[in-house]
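Quick notes on the structure that follows.
Chain letters run A, B, ... following the sequence lines, proteins first and then strands; every chain starts at 1.
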Number of protein chains: 2
Amino acid sequence: MSTPGRGLHGRVLDTLGPAITAGEYPPGSVLRTDELAQHFEVSRSVMREAVRVLESMHLVESRRRVGVTVRPKAEWNVYDPQVIRWRLAGADRPHQLRSLTVLRSAVEPVAAGLAARNATADQCAELTECALGMVANSRGHRLDKYLVHDMAFHRVILTASGNEMFARLGDVVAEVLAGRTHHEVMFEDPDPAAVTLHVRVAEAVRARDAARAEELTREITTGALQELDILAP
Amino acid sequence: MSTPGRGLHGRVLDTLGPAITAGEYPPGSVLRTDELAQHFEVSRSVMREAVRVLESMHLVESRRRVGVTVRPKAEWNVYDPQVIRWRLAGADRPHQLRSLTVLRSAVEPVAAGLAARNATADQCAELTECALGMVANSRGHRLDKYLVHDMAFHRVILTASGNEMFARLGDVVAEVLAGRTHHEVMFEDPDPAAVTLHVRVAEAVRARDAARAEELTREITTGALQELDILAP
DNA sequence: CAGAGCCAAAAAGTCAGACTTATATGTCAC
DNA sequence: GTGACATATAAGTCTGACTTTTTGGCTCTG
């Protein structure tokens with residue numbers, strides 16, 4: 001998923017990015033390129049490249065005679081996959097997870113509706129395959145295998161919608177689902193009702209029933225939201 | 001909105017970014033840092049910074065011994081405001097506009113529902129103010145003033161939802177609305193029905209009626225979609 | 001004492017050149 | 001043909017000198 005160590009500047013970002021998104025340097029903090037370069041033991045050129053990347057994510061702003069200032073959270077490019085990963089790895093993971101789940105609840109139903117209209121035969125087949133895979137691994141503590149099919153299912157839906165903006169959320173959704181399985185409380189087998197819903201969505205898409213696909217997906221995402229409310233009311 | 005000329009590397013990006021997103025360099029094309037530096041008449045350090053930014057947007061990939069290769073469109077960070085702006089300014093503007101409008105149709109209704117739950121008194125007031133501003137400028141070719149209130153209205157909804165991911169779409173929606181007014185066919189006064197819907201959304205939010213706010217907003221975004229279908233069926 | 005204007009320091013920005021490192025590709029022996 | 005090896009190439013890194021912008025204080029004046 002991630003691309004660790006793609007150059008020295010990447011190594012710097014791997015620790016500076018998480019530090020900033022975790023609020024270690026509060027908004028308004030001023031950093032100096034030279035000091036950072038010394039601290040990370042890299043040349044100024046490398047440090048400057050790293051700062052440029054942070055700047056393009058709107059995490060910081062670089063101004064002459066003042067330095068590199070951390071921007072308020074509200075201005076960050078929260079859709080940048082890198083930023084999302086950093087935040088999911090940090091302290092406000094729960095908050096981030098909730099935000100993303102709400103986003104899912106808005107996007108996925110509409111995407112499913114579009115998928116019912118636009119999915120190719122191959123995509124329909126892949127969808128049912130994923131759903132069957134979920135069913136097959138829904139009992140007996142096979143959470144890992146279940147997860148693989150679950151992620152694939154949602155990715156296919158988003159891709160099959162035919163909307164590039166939706167498609168690009170595949171990674172995000174996958175990360176949310178993985179996070180739920182690995183870090184949150186999910187020891188037991190998945191909810192059978194949820195599994196059934198996935199199967200029915202696949203059927204609806206195959207049957208080109210957009211309204212039903214949308215409604216069923218809405219039930220899935222609503223379930224995901226409720227799950228969060230139960231964990232952290 | 002944009003930040004023109006924030007350094008030499010920014011100047012380079014202003015022409016190289018649009019060129020890439022416009023497909024001027026098709027996916028797989030190989031660029032060389034040195035050649036680019038010469039072409040733009042900047043030093044290699046500056047060019048490298050520009051490349052790093054493009055890389056963080058997943059527009060290109062830089063590899064040793066190979067060069068800077070343009071990535072396939074499907075991998076671009078299409079949520080990056082900068083990328084969105086570049087694409088809106090380029091050839092696939094219609095396509096981008098459609099994608100964004102579909103995204104709006106998914107997000108805004110849910111955001112409105114949440115706004116009805118979470119909006120502060122101030123935000124409710126601001127919302128009605130915007131709606132009234134729209135009404136006041138809905139007749140007599142006052143499209144510019146109407147647009148200002150329209151953009152503000154949707155921005156307030158997205159912000160008041162309390163979801164940071166939704167809030168960050170304020171700029172995008174504003175740009176879509178502005179685009180529709182300035183570049184697409186919209187000589188006449190706005191549809192009176194749409195104006196009324198905005199007023200009713202404001203009322204619903206004030207009345208804390210989430211379901212109604214969501215449904216009314218869905219009608220607004222559906223209208224926006226139909227508008228596109230009429231223009232380019 | 002207030003305000004305008006000026007000066008100097010500070011930090012980012014830019015450049016040029018030398019050197020290092022990874023790696024794609026071609027070559028040669030087997 | 002296959003594997004090991006050599007080579008060329010382009011990115012990556014570092015350093016040091018120089019430029020530019022901007023801020024904050026200082027002075028001069030009314």
B/F153: ring-ring contact (aromatic ring centres under 6.0 Å, His included) partners, not counting sequence neighbours: B/H198
Under the salt bridge (Lys or Arg N to Asp or Glu O under 4.0 Å) test, residues paired with A/R87 that sit two or more places apart: A/D92, B/E164
Bending between helix ends of the helix from C/dC1-D/dG30 to C/dC30-D/dG1 [5 pairs per end, 10° resolution]: 10°
Interface limits on DNA chain C, where chain A has a heavy atom under 4.0 Å of a nucleotide atom: C/dA9 to C/dT14
Sequence-distant partners of A/T15, side chain to side chain donor-acceptor pair (under 3.5 Å), two or more places apart: none
Heavy-atom closest contact (B/G133 atom, B/N137 atom, distance): O-ND2, 2.8 Å
I'd like a table of donor-acceptor pairs (distance under 3.5 Å, sequence neighbours excluded) in which one partner is a side-chain atom from residues 102-118 of chain A, with atom names and distances.
unit_1: A/R104; atom_1: NE; unit_2: A/E108; atom_2: OE2; d: 2.4
unit_1: A/R104; atom_1: NH2; unit_2: A/E108; atom_2: OE2; d: 3.0
unit_1: A/S105; atom_1: OG; unit_2: A/V102; atom_2: O; d: 2.6
unit_1: A/E108; atom_1: OE1; unit_2: A/H154; atom_2: ND1; d: 2.6
unit_1: A/N118; atom_1: ND2; unit_2: A/L114; atom_2: O; d: 3.4
unit_1: A/N118; atom_1: ND2; unit_2: A/S161; atom_2: O; d: 3.0

Short N-O contact, B/R180 and B/D150, less than 4.0 angstrom: yes
Verdict with reasoning, A/S45 to B/S45, per side-chain hydrogen bond (donor to acceptor under 3.5 Å, both in side chains): CA-CA 7 Å; A/S45 1; B/S45 356; over 6 Å; no
Set of residues satisfying side chain to side chain donor-acceptor pair (under 3.5 Å) with respect to B/E75, sequence neighbours excluded: B/R71
Counterpart residues, side chain to side chain donor-acceptor pair (under 3.5 Å), relative to B/D34 (two or more places apart): none
Heavy-atom pair of closest approach, residues B/S56 and A/S56: OG-OG, 2.9 Å
With sequence neighbours excluded, residues passing ring-ring contact (aromatic ring centres under 6.0 Å, His included) with B/Y79: A/Y79
Nearest-Å distance for atom pair CD/C1', residues A/Q38 and D/dC14: 14 Å
Between protein and nucleotides 18-21 of chain D, what N or O pairs are separated by less than 3.5 Å?
unit_1: D/dT20; atom_1: O2; unit_2: A/R64; atom_2: NE; d: 3.2

A/L8 CG - D/dT15 P separation (whole Å): 12 Å
Those residues of residues 45-56 of chain B lying under 4.0 Å from DNA chain C by at least one heavy atom: B/S45, B/V46
Shortest non-hydrogen contact between A/A50 and A/L13, atoms and distance: O-CD2, 3.7 Å
With A/E55 via salt bridge (Lys or Arg N to Asp or Glu O under 4.0 Å) - residues at least two apart: A/R52
